[in-house]
Amino acid sequence: MKKFIIIFLIIGFIISLYIWYSQSSSPIIIGIIGDFSTNNTTESVDAFRATELAIIELNETGRNYSLIRFDLSDYSDKNLLIDDLARQQVEVIIGPTTSSLYLSNKDVFDQLQLPMFLSNVSTNAISGESDNLFRLVDSVSVQVDAMIHIIEDLHQEEHITIFYTSQNSGYSKPFSIDLRDRILQLNGTTSLIEVGDLSDASTQKKLKSKLNTDAIVIMAGPSQAGIIAQLISAGNPEQDIFFPSWAKSDRTLEYTQSVPNTMYALSSPPSEEEALLQAYIKRLDEIQNVSFNTFSYFGYETMYFLDTVLQETDSIELKDIQEYIHNLNSYEGKFNYFEFNDTG
């Protein structure tokens, strides 16, 4: 009888140990949300590959993260995304990966009660919004300040023509309007022009026309910015052309190689850890076959920020993450130093 009791206790201990080990070794499941169809852009794919690289590196140090990709283009009914996140037992979200994706799906994201670390969402629309949204990227207001600083030095009291794309007008149009209002404060004048389908001959003809302007701003992502610049330069080869930082990519560089205009990429702070950044760019290309741009930059930085938060709080609970980040004034990232405000 004693033998049976001892064997039973041993078996019970082993089962308890197995359950404890299984629970303690279960990965933290991270869902990354974006448009991975690549029909229009590769922005979400770039952010995903960079986040994936960060997870590979972190898991090599003993962390245990699992990354699941949720493609918004797969959901005709976006509310089904909420069901899939629950079914896959996602505990924290990275994304959406662009401001336009956030704005076009805001009603769905507002229903989520998970921590959401926004990868490259700079729209002012989230300022003062839900307490489950966190980001490293500068808001539109801060980016406009940076752009105005350079424009003021080069083109004060002159005429600036601002192009924004219909593809993501929910984000680029308010950005352009904010910039226009600030230019008017400098006693300059502006024109706002919406760019439609770039494959349309009438759109191309309009972009190639001669403009009565001193400088040009192109509010477009990396899939369109270079093409727009190339078309505009045909009739306006001498005007300065300004881009936001999120337009920078190999694709933009490819299309602007033959553009004679002087071009500026704005609101993109230089890395404070240049050697580390160059090593990362090399790994990103060799391991993930992705070029460096603002989306792959923030995808990587955001994952490391998320890791820091989880390590400091020793928790995946939203309330613990909220409390920690709300009391966080600054964060030393992989390549840059970030300061936070109350509104995001």
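All figures in this text were calculated on a predicted structure; none of them were measured in a lab.
- Residues Ile28 and Ile56 do not share a hydrophobic cluster, defined by chaining ILVMFWY side chains whose heavy atoms lie under 4.5 Å apart.
- Looking only at side-chain heavy atoms (C-beta outward), Val217 and Ile241 stay at 4.5 Å or farther from each other.
- The same ILVMFWY cluster, assembled from side-chain heavy atoms under 4.5 Å apart, contains both Leu276 and Phe298.
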Practice task
Might you work through the side chain to side chain contact (heavy atoms under 4.5 Å, CB included) test for Val92 and Leu114, ending with a clear yes or no?
Solution key: CA-CA 6 Å; Val92 62; Leu114 295 171; over 6 Å; no
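- Of all heavy-atom pairs spanning Ser73 and Ser37, the tightest one is OG-CB, 3.5 Å.
- Annotation: the span from Ser172 atom OG to Ile162 atom CD1 amounts to 11.0 Å, rounded to 0.5 Å.
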Practice task
Check the pair Leu328, Phe305 against side chain to side chain contact (heavy atoms under 4.5 Å, CB included), reporting the backbone distance first and the verdict last.
Solution key: CA-CA 12 Å; Leu328 194 63; Phe305 176 54; 3.9 Å; yes
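- When the shell of 6.0 Å around CG of Asp77 is examined, it contains more than 12 heavy atoms from other residues, nucleotides or ligands.
- The line from CD1 of Ile216 to CD1 of Ile228 is 11.5 Å long, rounded to the nearest 0.5 Å.
- At least one test fails for Lys173 against the ring of Tyr164: distance under 6.0 Å to the centre or angle within 45° of the axis.
- Thr213 contributes a side-chain N or O that, together with a main-chain N or O of Thr161, makes up a donor-acceptor pair within less than 3.5 Å.
- A 4.5 Å side-chain heavy-atom check between Val144 and Phe175 finds at least one atom pair inside the cut-off.
- Within the 4.5 Å cutoff, side-chain heavy atoms of Asp145 are placed close to those of Arg182.
- Among pairs with a residue in residues 276-285, those fulfilling side chain to side chain donor-acceptor pair (under 3.5 Å) read Glu57-Arg283, Glu274-Gln278, Arg283-Tyr300, at least two apart in sequence or across chains.
- Judged by distance alone, the side chain of Glu332 and the main-chain N or O of Tyr337 form no donor-acceptor pair under 3.5 Å.
- Between the side chain of Ser233 and the main chain of Val259, no donor-acceptor pair closer than 3.5 Å is present.
- Thr165 places none of its side-chain heavy atoms less than 4.5 Å from the side chain of Glu194.
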Exercise for the section: Would you sort out whether Val108 and Tyr75 count as a side chain to side chain contact (heavy atoms under 4.5 Å, CB included), showing the intermediate values? Expected result: CA-CA 12 Å; Val108 176; Tyr75 296 91; over 6 Å; no
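- Taking both residues in full, the closest heavy atoms of Phe243 and Ala229 are given as CZ-CB, 3.7 Å, listed atom of the first, atom of the second, then distance.
- A donor and an acceptor atom, one from each side chain of Asp320 and Ser315, are located under 3.5 Å apart.
- Residue Phe292 comes nearest to Tyr297 through the heavy atom pair CE1-CB, 3.6 Å, listed as atom of the first residue, atom of the second, then distance.
- Heavy atoms from other residues, nucleotides or ligands lying under 6.0 Å from CD of Gln88 number more than 12.
- Side-chain contact of His159 with Ser191: a donor-acceptor pair under 3.5 Å is present, judged by distance alone.
- The aromatic rings of Phe36 and Phe48 lie perpendicular to each other, with more than 60° between the two planes, well past the 30° mark.
- Heavy-atom minimum distance, Ile30 versus Val90: C-CG1, 4.4 Å.
- Side-chain atoms of Ser44 come within 3.5 Å of backbone atoms of Asp35 as a donor-acceptor pair (strictly under, hydrogens ignored).
- A donor-acceptor pair is defined here as one N or O able to donate and one able to accept, closer than 3.5 Å; no such pair exists between the side chain of Ser296 and the backbone of Ala47.
- Taking the charged nitrogens against the carboxylate oxygens, Lys78 and Asp107 have no contact shorter than 4.0 Å, which rules out a salt bridge.
- For Gln311, the CD atom sits in a packed shell: over 12 heavy atoms of surrounding residues, nucleotides or ligands are nearer than 6.0 Å.
- Residue Asn212 qualifies as open at atom CG: its count of foreign heavy atoms under 6.0 Å is 12 or below.
- Residues Thr256 and Met263 form a side-chain contact, since some pair of their non-hydrogen atoms from C-beta on lies under 4.5 Å apart.
- One distance of note links CG of Leu112 with CG of Leu81; it measures 6.5 Å at 0.5 Å rounding.
- A distance of 10.0 Å separates CD of Glu157 from CD of Glu152, quoted to the nearest 0.5 Å.
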Exercise for the section: Could you walk me through whether Phe134 and Thr302 pass the side chain to side chain contact (heavy atoms under 4.5 Å, CB included) test, one step at a time? Expected result: CA-CA 10 Å; Phe134 314 105; Thr302 299; over 6 Å; no
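- Counting only heavy atoms from C-beta outward, the side chains of Val309 and Tyr331 never approach each other to under 4.5 Å.
- Put simply, CG on Leu101 and CG on Leu72 are 6.0 Å apart, with the number rounded to the nearest 0.5 Å.
- Interatomic distance, Asp84 CG to Asp74 CG, rounded to the nearest 0.5 Å: 9.5 Å.
- Side-chain contact check for Leu118 versus Pro96: some heavy-atom pair is nearer than 4.5 Å.
- Residue Gln156 qualifies as enclosed at atom CD: its count of foreign heavy atoms under 6.0 Å is above 12.
- Between Phe242 and His155, the angle of the ring planes goes over 60°, which puts this pair in the perpendicular group of the 30/60° scheme.
- In this structure a side-chain-to-backbone donor-acceptor pair under 3.5 Å is missing from Thr190 to Arg180.
- Looking only at distances, a side-chain donor or acceptor of Asn261 sits under 3.5 Å from a matching main-chain atom of Asn236.
- Under the 4.5 Å side-chain criterion, counting only non-hydrogen atoms from C-beta, Ile32 is not in contact with Phe70.
- Side-chain N or O atoms of Asn59 include one that pairs as donor or acceptor with a backbone N or O of Tyr65 at under 3.5 Å.
- Considering Leu58, Leu53, Thr308 as possible partners of Met303, the one that fulfils the side chain to side chain contact (heavy atoms under 4.5 Å, CB included) test is Leu58.
- Comment: Asp83 does not engage Arg87 in a salt bridge, judged by the lack of any side-chain N to carboxylate O separation of less than 4.0 angstrom.
- A distance-only check finds a donor-acceptor pair linking the side chain of Gln204 to the backbone of Leu198 [under 3.5 Å].
- Contact detail for Thr189 and Leu184: the closest heavy-atom pair is CA-CD2, 4.3 Å.
- Not a single donor-acceptor pair under 3.5 Å links the side chain of Glu158 to the backbone N or O of Asp214.
- When every heavy atom of Met219 is checked against every heavy atom of Pro244, the shortest pair comes out as SD-CG, 4.1 Å.
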